[in-house]
Chemist: 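Please find one structure pasted underneath; my questions will follow.
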Amino acid sequence: MIYQCVGVGIGPSNLSLASLLYPYKGVLSAFFDRKPEFAWHDGMYFPGAKLQVALFKDLVTLSDPTNPFSFISYLHAEGKIHHFLNARFEAVPRREFRNYLKWASDSNENVHFGEEVTQIRFDGHFVVETDKRCIRAENIAVGVGTEAHIPSFARNHIGPTQFHVSEYGAKAKSLKAKRVAIVGGGQSGAEAFLDAISCDHDLLPKQVTWISRRENFLPLDDSPFVNDYFMPSFSDYFFGQDAEFKRAFLERNVLASDGISEKTLREIYQRLYELRFIEDCGNVSVLMPGRTVEQVWHDGRQWGLAVTHDATKSEEEPVYADIVIWATGFRSARMPFLDPLVSRLEYEDVEVRIDTNFAAVWDGPANRRIFMLNAARRQRGLAEPNLSLIAWRSQCVIEAMLSGVSCTRAAQKQSFMTWQPINAWSERQHRAV
Ligand SMILES: Cc1cc2nc3c(=O)[nH]c(=O)nc-3n(C[C@H](O)[C@H](O)[C@H](O)COP(=O)(O)OP(=O)(O)OC[C@H]3O[C@@H](n4cnc5c(N)ncnc54)[C@H](O)[C@@H]3O)c2cc1C
């Protein structure tokens, strides 16, 4: 039996592909995840955490609103669509979106958990080995996402009192009377800080120090024209630019994807006001933006962090803590299962080079493809790791994979912005007419 598509990893990226493929009954597909059951950032369900994108940016809707795996179908199937509307959430609770994703994975017999893909070879078809079986496929969809990132100097210290924020739920159960240092000024660091200072008076930590390399605790830029970066037309425009432009663009616009939501910032500020001016606990929090943590050590009693003030270069601000939480982001996950194919793939810096349909550029036959989902931020832009374009990206993959099958992707209207140079743009318009 030859599968048309085998997916590695079942996070939102491949779950979107599995959901959009589902109505094609003649297409044999199988998706595998090493986790025993569906999970989505399960260590990070801070009270009040919300989805940072609109609810229509689910697995399928932006490509095929009639697909049975939409968020609205989920609410309807679970009998809570009226309640959801009446609740008037300003954004979908993160845990509810996770429940939706789990529902979609439970409802799709092509997805399999508790099965790790260990190796993929090629002999005219892809030979996919998991720790339970070996199957053959015409196409592969790699959707292995990201892994927690911790600075190299801290990795040997990881344990119960020093950990990545993705383990917050399991390891930060009681911070009472402890000194806590949180390193990282993005959304995850902000949510951990807010959670740590939000408990009742008698459960409060002794001190919570929040350190960020950024000059301030800066907001996510969620404004309309910046959100154009999360549209298919911009992803295509970005893809066509040269590597140096792309690198500088990503650096300049980091807050479009990695800033802190305004709601979280306001809640933090209000809580700081309460602690200092109402509850008389002003010493609980220390906010240190514009600092870099250079080293960490344990002196037998406590953790010490060597911190440099980025403006003055002063190194005389050591921070001592009982618990250290690294909110230092995520990096692309390793893909050891691709080792047998590595020499056949082209690379662009550290990323596998992809074509316009998200297929890896390689020396194999054109009708055998390895699609790379959420593995090409440097090539495709800020939206790549985000939920915004997952449905559109899956549809691109399906159209490339099932050539000849009629797909439902409707033509999109032009952006309000003219991203391309006018001449190139008008020439294309002219040709289209
Ligand atoms: C706390 C948090 C909140 C977020 N909130 C938002 C948001 O509100 N809006 C937004 O747009 N984005 C958000 N993001 C970013 C985005 O949702 C995530 O990056 C998303 O999970 C990406 O999906 P993915 O499928 O590409 O990867 P992942 O979700 O990381 O899934 C990859 C899967 O691959 C599996 N895997 C890896 N290797 C193998 C193997 N060899 N065999 C089998 N399985 C394997 C892993 O077990 C994992 O389940 C958030 C990220 C975090 C950390």
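Because the structure is predicted, anything quoted here is derived from the model rather than measured. For ligands, and for the atoms within them, numbers begin at 1 and follow the listed sequence.
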Chemist: Between ligand 1 and the protein, tabulate every N or O atom pair separated by less than 3.5 Å, reporting distance only.
Modeler:
{"residue": "ligand 1", "atom": "8 (O)", "partner": "Q52", "partner atom": "N", "Å": "2.6"}
{"residue": "ligand 1", "atom": "11 (O)", "partner": "N386", "partner atom": "OD1", "Å": "3.1"}
{"residue": "ligand 1", "atom": "11 (O)", "partner": "N386", "partner atom": "ND2", "Å": "3.1"}
{"residue": "ligand 1", "atom": "11 (O)", "partner": "L387", "partner atom": "N", "Å": "2.7"}
{"residue": "ligand 1", "atom": "19 (O)", "partner": "P385", "partner atom": "O", "Å": "3.3"}
{"residue": "ligand 1", "atom": "21 (O)", "partner": "W40", "partner atom": "NE1", "Å": "2.9"}
{"residue": "ligand 1", "atom": "21 (O)", "partner": "H41", "partner atom": "NE2", "Å": "3.3"}
{"residue": "ligand 1", "atom": "25 (O)", "partner": "P12", "partner atom": "N", "Å": "3.1"}
{"residue": "ligand 1", "atom": "25 (O)", "partner": "S13", "partner atom": "N", "Å": "2.9"}
{"residue": "ligand 1", "atom": "25 (O)", "partner": "S13", "partner atom": "OG", "Å": "3.3"}
{"residue": "ligand 1", "atom": "26 (O)", "partner": "S13", "partner atom": "OG", "Å": "2.7"}
{"residue": "ligand 1", "atom": "26 (O)", "partner": "N374", "partner atom": "ND2", "Å": "2.7"}
{"residue": "ligand 1", "atom": "38 (N)", "partner": "R34", "partner atom": "NH2", "Å": "3.2"}
{"residue": "ligand 1", "atom": "41 (N)", "partner": "V117", "partner atom": "O", "Å": "3.1"}
{"residue": "ligand 1", "atom": "42 (N)", "partner": "V117", "partner atom": "N", "Å": "3.0"}
{"residue": "ligand 1", "atom": "44 (N)", "partner": "R34", "partner atom": "N", "Å": "3.1"}
{"residue": "ligand 1", "atom": "47 (O)", "partner": "D33", "partner atom": "OD1", "Å": "2.8"}
{"residue": "ligand 1", "atom": "49 (O)", "partner": "D33", "partner atom": "OD1", "Å": "3.4"}
{"residue": "ligand 1", "atom": "49 (O)", "partner": "D33", "partner atom": "OD2", "Å": "2.6"}
{"residue": "ligand 1", "atom": "49 (O)", "partner": "K35", "partner atom": "NZ", "Å": "3.0"}

Chemist: Is a salt bridge present between D42 and R98, judged by a nitrogen-to-oxygen distance below 4.0 Å?
Modeler: yes
Chemist: Per the side chain to side chain donor-acceptor pair (under 3.5 Å) rule, what does the pair list look like for residues 138-151, sequence neighbours excluded?
Modeler: E147-R334, H149-R331
Chemist: Under 3.5 Å, is there a donor on one side chain and an acceptor on the other for D131 and T118?
Modeler: no
Chemist: Indicate the ring-plane relationship of F245 and F238, choosing parallel, tilted or perpendicular according to the 30° and 60° boundaries.
Modeler: tilted
Chemist: Under the salt bridge (Lys or Arg N to Asp or Glu O under 4.0 Å) definition, can you give me all pairs with a residue in residues 285-294, not counting sequence neighbours?
Modeler: R291-E317
Chemist: Among all residues two or more places apart in sequence or in another chain, which pass the ring-ring contact (aromatic ring centres under 6.0 Å, His included) test with F46?
Modeler: Y168
